[in-house]
Amino acid sequence: MIQARLNLALATLTTLAHVVLLAALPMLVLRDFAWAWVLVPLTLVTIPHWALIHEAVHGHLLRERRANDRLGRVLAILFGAPFDVLRVGHLSHHALNARAVERPELYDPTVRSRLLAALGYFPRLLGGLYLVELASSLLAWLPRRWLRPIVRRLFYEGDAEAGAMPDRAERHLLSPRSLARIRSDGAAVVVLFALAFLLWGEAWPLLLGALLGRAFLVSFLDNAPHYLGELGDPRQGHDMVLPPRLAALVLHANLHGTHHRHPDLPWTELPRRFARDQARPVGSWFVVPWRQLRGPVPMTALRRERA
């Protein structure tokens with residue numbers, strides 16, 4: 001069911017969009033600032049770009065596993081983070097989806113106040129998640145003994161709901177082969193973006209603005225399909241309404257609930273499966289994510305609402 005030719009074509013277009021963003025557009029902007037508007041659609045390419053990486057994470061981008069992972073690594077470098085980091089992070093999300101530890105909007109009011117919860121919640125929501133992914137390219141070069149506590153903390157060490165996830169993350173990210181790949185990809189990310197800022201020259205704030213726009217899109221949309229969703233069901237996820245053509249442009253990212261119910265299906269099969277499941281969308285993809293601006297929610301309130 002994997003549409004390899006279509007995925008390869010989309011990956012090629014995404015790569016070309018980055019050639020324009022990182023190398024061609026600065027030459028145009030430095031001659032005529034009116035070209036700066038092109039940054040808007042190039043920033044919005046972030047959404048299908050991440051969707052393609054997501055397909056590679058699940059092995060749905062290309063049929064042959066080695067080719068799938070290689071293309072995933074290329075796309076991840078253009079995205080700004082090592083592929084292994086993104087893969088382990090996303091697969092841990094699937095493994096912990098039913099638990100409060102994986103829901104950044106939830107907090108325990110007996111442990112911290114809503115104000116303290118908000119101080120951690122909003123920076124993550126408005127760009128912090130992507131900035132952590134971006135920073136992984138540099139952090140990967142720390143000595144392994146320093147990386148170990150960082151990795152374990154990021155994967156919820158000390159929280160009983162995390163189970164064996166800190167051990168799994170350490171094993172998958174810090175093995176010699178994985179760490180070598182991560183450092184190689186991280187070096188490529190640093191070199192790529194350093195060269196891009198050099199090419200942008202005195203107009204570098206525009207490139208920074210595009211990357212901050214990417215940070216917002218990635219971070220803001222990450223937990224949107226789960227915000228205030230029920231706990232206890234690893235298949236939980238909100239399906240949202242989006243016009244068919246727009247849905248295809250974002251690789252049906254609006255059907256995130258269907259993806260969680262059937263993570264073995266490639267993106268092209270999600271609409272058919274959504275119809276077969278007779279699932280009900282929770283609202284528009286253009287509206288539902290903004291609910292997250294309500295802020296963090298105490299776990300007790302969520303349980304009361306579900307009861």
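Residue numbers count from 1 along this sequence.
Arg272 pairs by the side chain to side chain donor-acceptor pair (under 3.5 Å) definition with Glu269, not counting sequence neighbours. Qualifying side-chain contact (heavy atoms from CB on, under 4.5 Å) partners for Asp264, counting only residues two or more places apart in sequence or in other chains: His262. The salt bridge (Lys or Arg N to Asp or Glu O under 4.0 Å) test applied to Arg99 returns no partner, not counting sequence neighbours. Contacts of Arg87 classified as side chain to side chain donor-acceptor pair (under 3.5 Å), with partners at least two apart in sequence or in another chain: Asp69. Contacts of Arg63 classified as salt bridge (Lys or Arg N to Asp or Glu O under 4.0 Å), with partners at least two apart in sequence or in another chain: none. Residues satisfying the salt bridge (Lys or Arg N to Asp or Glu O under 4.0 Å) test with Asp159, not counting sequence neighbours, are none. Applying the side chain to side chain donor-acceptor pair (under 3.5 Å) test to Arg73 and every residue at least two apart in sequence or in another chain returns Asp185. Legend: residues meeting side chain to side chain donor-acceptor pair (under 3.5 Å) with Trp50, ordered by chain and number and at least two apart, are absent. Residues satisfying the ring pair (Phe, Tyr, Trp, His ring centres under 6.0 Å) criterion with His58, sequence neighbours excluded, are His54, His60, His90, His94, His259. With sequence neighbours excluded, no residue forms a salt bridge (Lys or Arg N to Asp or Glu O under 4.0 Å) with Arg171.
Alongside Phe155, the hydrophobic cluster contains Val85, Val88, Leu96, Val101, Leu139, Leu142, Trp146, Leu147, Ile150, Val151, Leu154, Tyr156, Met165, Leu173, Leu174, Leu179, Ile182 (criterion: ILVMFWY side chains under 4.5 Å).
Summarising the geometry, atom CG belonging to Leu129 is positioned 5.0 Å from atom CG belonging to Asp222; distances are rounded to the nearest 0.5 Å. Within the model, atoms CZ of Arg183 and OG of Ser137 stand 12.5 Å from one another, a figure rounded to the nearest 0.5 Å. The distance from atom CG of Leu198 to atom CZ of Phe193, rounded to the nearest 0.5 Å, is 13.5 Å. For the atom pair CG of Leu211 and CG of Leu22, the computed distance is 8.0 Å after rounding to the nearest 0.5 Å. How far CD1 of Ile2 is from CG of Leu61: 8.5 Å, rounded to the nearest 0.5 Å.
Contact of the Leu208 side chain with the Phe197 side chain is registered, since non-hydrogen atoms from C-beta on lie closer than 4.5 Å.
For Arg152, the CZ atom counts as densely surrounded, since its 6.0 Å shell holds more than 12 non-hydrogen atoms of other residues, nucleotides or ligands.
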As a quick check of understanding, evaluate side chain to side chain contact (heavy atoms under 4.5 Å, CB included) for Arg294 and Val297, giving each step before the final call. CA-CA 8 Å; Arg294 299 175 187 174; Val297 177; 5.9 Å; no

Kindly indicate, with the supporting measurements, whether the criterion ring-ring contact (aromatic ring centres under 6.0 Å, His included) is fulfilled by Phe79 and Tyr130. CA-CA 10 Å; Phe79 182 77; Tyr130 175 75; 5.3 Å; yes

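Here the options are Arg181, His172, Arg177, the test is side chain to side chain donor-acceptor pair (under 3.5 Å), and the partner is Asp84; only Arg181 passes.
Side-chain contact of Ser178 with Ser175: a donor-acceptor pair under 3.5 Å is present, judged by distance alone. Counting only N and O atoms by type, the side chains of Arg261 and Thr258 include a donor and acceptor under 3.5 Å apart.
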Below 3.5 Å, can you tabulate the donor-acceptor pairs from side chains in residues 244-256 to any protein atom, sequence neighbours excluded?
unit_1, atom_1, unit_2, atom_2, d
Asn254, ND2, Met240, O, 2.8
His256, NE2, His226, NE2, 3.2
His256, NE2, His260, NE2, 3.0

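The minimum heavy-atom distance between Ala210 and Leu39, with the atom names listed, is CB-CD2, 4.0 Å. Looking at every heavy atom in both residues, Ala81 comes nearest to Ser136 through CB-OG, 4.2 Å. When all heavy atoms of His49 and Leu78 are compared, the closest pair comes out as CE1-C, 3.7 Å. Here the shortest heavy-atom pairing between Pro123 and Ala118 reads CD-O, 3.8 Å.
Residues Arg103 and Glu105 are paired through a salt bridge, judged by an N-O separation under 4.0 Å between the basic side chain and the carboxylate.
Both Leu206 and Trp35 are part of a single hydrophobic cluster, where members link through side-chain heavy atoms under 4.5 Å apart.
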